[in-house]
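This report refers to the structure that appears directly beneath it.
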There are 2 protein chains.
Amino acid sequence: MKNLNLHIEISPELYSKNPDSSDLGRKIISKSIELIDELGFEGFTFKKLGIAINSPESSIYRYFESKHALLVYLTSWYWTWTEYRLVFAMSNVDSPEERLRKALEILTQPVTIDNSVSHVNEVLLSEIVFSESLKSYHTTKVDEENKRGAFNSYKAAVRRVSDIVLEVSPDCKQPHMLISTVIEGAHQQKYFAEHLPSLTDQTDEKNSITTFYTDLVFRFLET
Amino acid sequence: MKNLNLHIEISPELYSKNPDSSDLGRKIISKSIELIDELGFEGFTFKKLGIAINSPESSIYRYFESKHALLVYLTSWYWTWTEYRLVFAMSNVDSPEERLRKALEILTQPVTIDNSVSHVNEVLLSEIVFSESLKSYHTTKVDEENKRGAFNSYKAAVRRVSDIVLEVSPDCKQPHMLISTVIEGAHQQKYFAEHLPSLTDQTDEKNSITTFYTDLVFRFLET
DNA sequence: GCAAATACGATAGTAATACTATTAATATCG
DNA sequence: CGATATTAATAGTATTACTATCGTATTTGC
């Protein structure tokens with residue numbers, strides 16, 4: 001993907017003060033990505049982040065009301081950005097099959113090259129989304145946060161790819177189930193490969209997870 | 001499934017004192033299942049459990065060194081018990097296809113009838129496993145706990161069903177990936193149906209999740 | 001260019017959580 | 001009946017996730 005230098009806008013519902021509007025805000029975003037990747041979301045605290053950026057905890061709370069709100073912001077950023085990646089990858093590809101194949105690649109592979117000039121390290125962010133994004137919606141407050149639009153960009157990405165599924169197979173009855181299964185499955189299989197290998201099937205092949213889920217989808221859609 | 005009154009044994013690595021060896025221990029198990037189901041795992045604390053069973057926190061710590069250890073115990077209990085369910089359901093079924101179909105039902109449907117005479121409410125426990133079991137292995141200490149055998153019964157269940165997959169399709173290259181995708185997917189889709197319905201495909205049909213994953217598996221294995 | 005708003009830093013404090021430690025009462029078992 | 005293990009009762013600790021206050025710096029609007 002070429003460096004389009006596009007600007008990702010996040011709904012004001014998802015922050016207290018826009019982190020994109022100040023130096024401190026951008027430092028919060030970039031350093032939190034590094035720290036969450038390094039410590040995991042549980043080990044990450046605003047206190048540690050404050051020390052890392054030389055600002056008190058209380059200043060961070062001006063931007064995000066909780067560390068969970070920050071995770072929601074980050075995953076939302078990722079999915080908004082990923083929608084752009086999807087749109088870009090689809091352009092000038094006429095065959096629905098080819099578009100679906102390309103979309104599945106985007107959904108199932110972590111990002112490897114940081115093309116961004118911004119404060120967001122997309123490689124690390126995609127790592128975080130793969131390993132921690134579950135925690136953004138798996139809470140007791142899901143319903144409330146969902147109403148505030150916390151998961152809109154994720155849902156939009158699922159819908160977009162589901163629509164391609166329907167182009168390939170107009171009779172498919174469960175396109176959303178299929179795509180959300182693929183996304184979450186790919187995230188989990190990567191984790192399993194690293195920590196619980198007997199739950200997956202390790203191969204030397206580089207993109208075995210993408211291959212598996214691509215096969216799964218296309219065989220499911222065959223008539 | 002008939003009431004076999006079978007005794008589930010859990011590896012001593014997974015508790016400090018066997019909760020099955022005393023009244024207090026059994027009360028800890030049965031009440032914790034109710035409380036985790038009611039409050040969610042985050043909202044659940046040993047303090048609340050202590051109040052509910054009229055015992056101090058410190059007594060509970062004699063049985064489990066942490067609330068996470070208790071969750072690991074509970075999921076381990078569930079998967080050991082589910083292996084028995086699998087074995088029982090497979091007996092006298094000759095066709096590998098039928099066995100696989102039956103196994104997928106067991107893996108993708110929450111339990112609805114509590115046949116047990118024991119202190120374990122299997123209906124609630126299966127709810128907990130569906131919604132919280134992710135948290136048992138998604139921690140920074142996975143590797144350590146995995147070495148201690150914390151996930152052996154889960155892995156055994158996956159292996160068992162993967163073996164049936166191989167009977168149906170000896171050439172299948174990713175049976176474990178397929179089955180763990182199905183299990184985790186079914187858990188998630190149930191959650192999505194309740195909280196994020198646009199990530200799934202709601203139907204009036206009762207077992208739509210089981211139907212979907214059964215189709216997914218059999219279409220994947222078709223040659 | 002100057003007041004007014006805003007942002008930030010510095011510091012302190014709080015309630016809850018996840019444990020740990022200690023001691024005394026009680027039940028169990030040979 | 002005496003030794004041993006088990007549990008109750010209580011207290012205490014470090015950490016976490018926030019909240020509150022206040023003075024100073026910085027920007028902004030006119």
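If you're wondering where the values come from, they're calculated on a predicted model, not measured in any experiment. In what follows, chains are A, B, ... by sequence order, proteins preceding strands, each numbered from 1.
No side-chain donor-acceptor contact under 3.5 Å links B/T75 and B/S133. Looking only at atom types and distance, the side chain of A/Y213 has no donor-acceptor partner in the side chain of B/Q174 under 3.5 Å away. If you check the side chains of B/T210 and B/Q109, you find a donor sitting under 3.5 Å from an acceptor. Using modelled atom types, one finds a donor on one side chain and an acceptor on the other under 3.5 Å when comparing A/S180 with B/Q189.
B/F46 pairs by the ring pair (Phe, Tyr, Trp, His ring centres under 6.0 Å) definition with B/Y61, not counting sequence neighbours. Remark: A/F64 pairs with A/Y73 by the ring pair (Phe, Tyr, Trp, His ring centres under 6.0 Å) rule, at least two apart or across chains. Partners of B/F212 according to the ring pair (Phe, Tyr, Trp, His ring centres under 6.0 Å) rule, which considers only residues two or more places apart in sequence or in another chain, are A/F220. For the ring pair (Phe, Tyr, Trp, His ring centres under 6.0 Å) test, no residue two or more places apart in sequence or in another chain qualifies with A/Y63.
Between A/T108 and A/I183 the shortest side-chain heavy-atom distance does not fall below 4.5 Å. With a 4.5 Å cut-off on side-chain heavy atoms, B/H138 and A/H195 do not count as touching. Here the side chains of B/L199 and A/H176 are not in contact, with every heavy-atom distance at 4.5 Å or above.
Pairs passing the salt bridge (Lys or Arg N to Asp or Glu O under 4.0 Å) check and including a residue from residues 131-147 of chain B, sequence neighbours excluded, read B/E42-B/K135, B/E132-B/K135. Among residues at least two apart or in separate chains, side-chain hydrogen bond (donor to acceptor under 3.5 Å, both in side chains) pairs with a member in residues 150-163 of chain B are B/S76-B/S153, B/E83-B/R160, B/N146-B/K155, B/Y154-B/E184.
Near-neighbour residues of DNA chain C inside residues 43-61 of chain B, defined by a heavy atom below 4.0 Å, number-ordered: B/T45, B/E57, B/S58, B/Y61. Heavy-atom distances under 4.0 Å link DNA chain C to no residue of residues 138-145 of chain B. Contacts between residues 8-30 of chain B and DNA chain C, defined by a heavy-atom separation under 4.0 Å, are absent. Residues of residues 62-77 of chain B having a heavy atom closer than 4.0 Å to DNA chain D, listed by number: B/R62, B/Y63. Contacts with DNA chain D (heavy atom under 4.0 Å) in residues 31-42 of chain B: none are found.
Two rings, from A/H187 and A/Y191, have their centers 6.0 Å or more apart. Here the two rings, on B/F130 and B/Y78, have centers that are 6.0 Å apart or farther.
Distance check, rounded to the nearest 0.5 Å: CD1 of B/I29 to CG of B/L74 gives 5.5 Å.
Remark on the helix from C/dG1-D/dC30 to C/dG30-D/dC1: inter-end axis angle 20°, axes from five-pair C1' superpositions, rounded to 10°.
Cation-pi check for A/K67 over A/F41 is met; the charged atom lies under 6.0 angstrom from the ring centroid and within 45 degrees of its normal.
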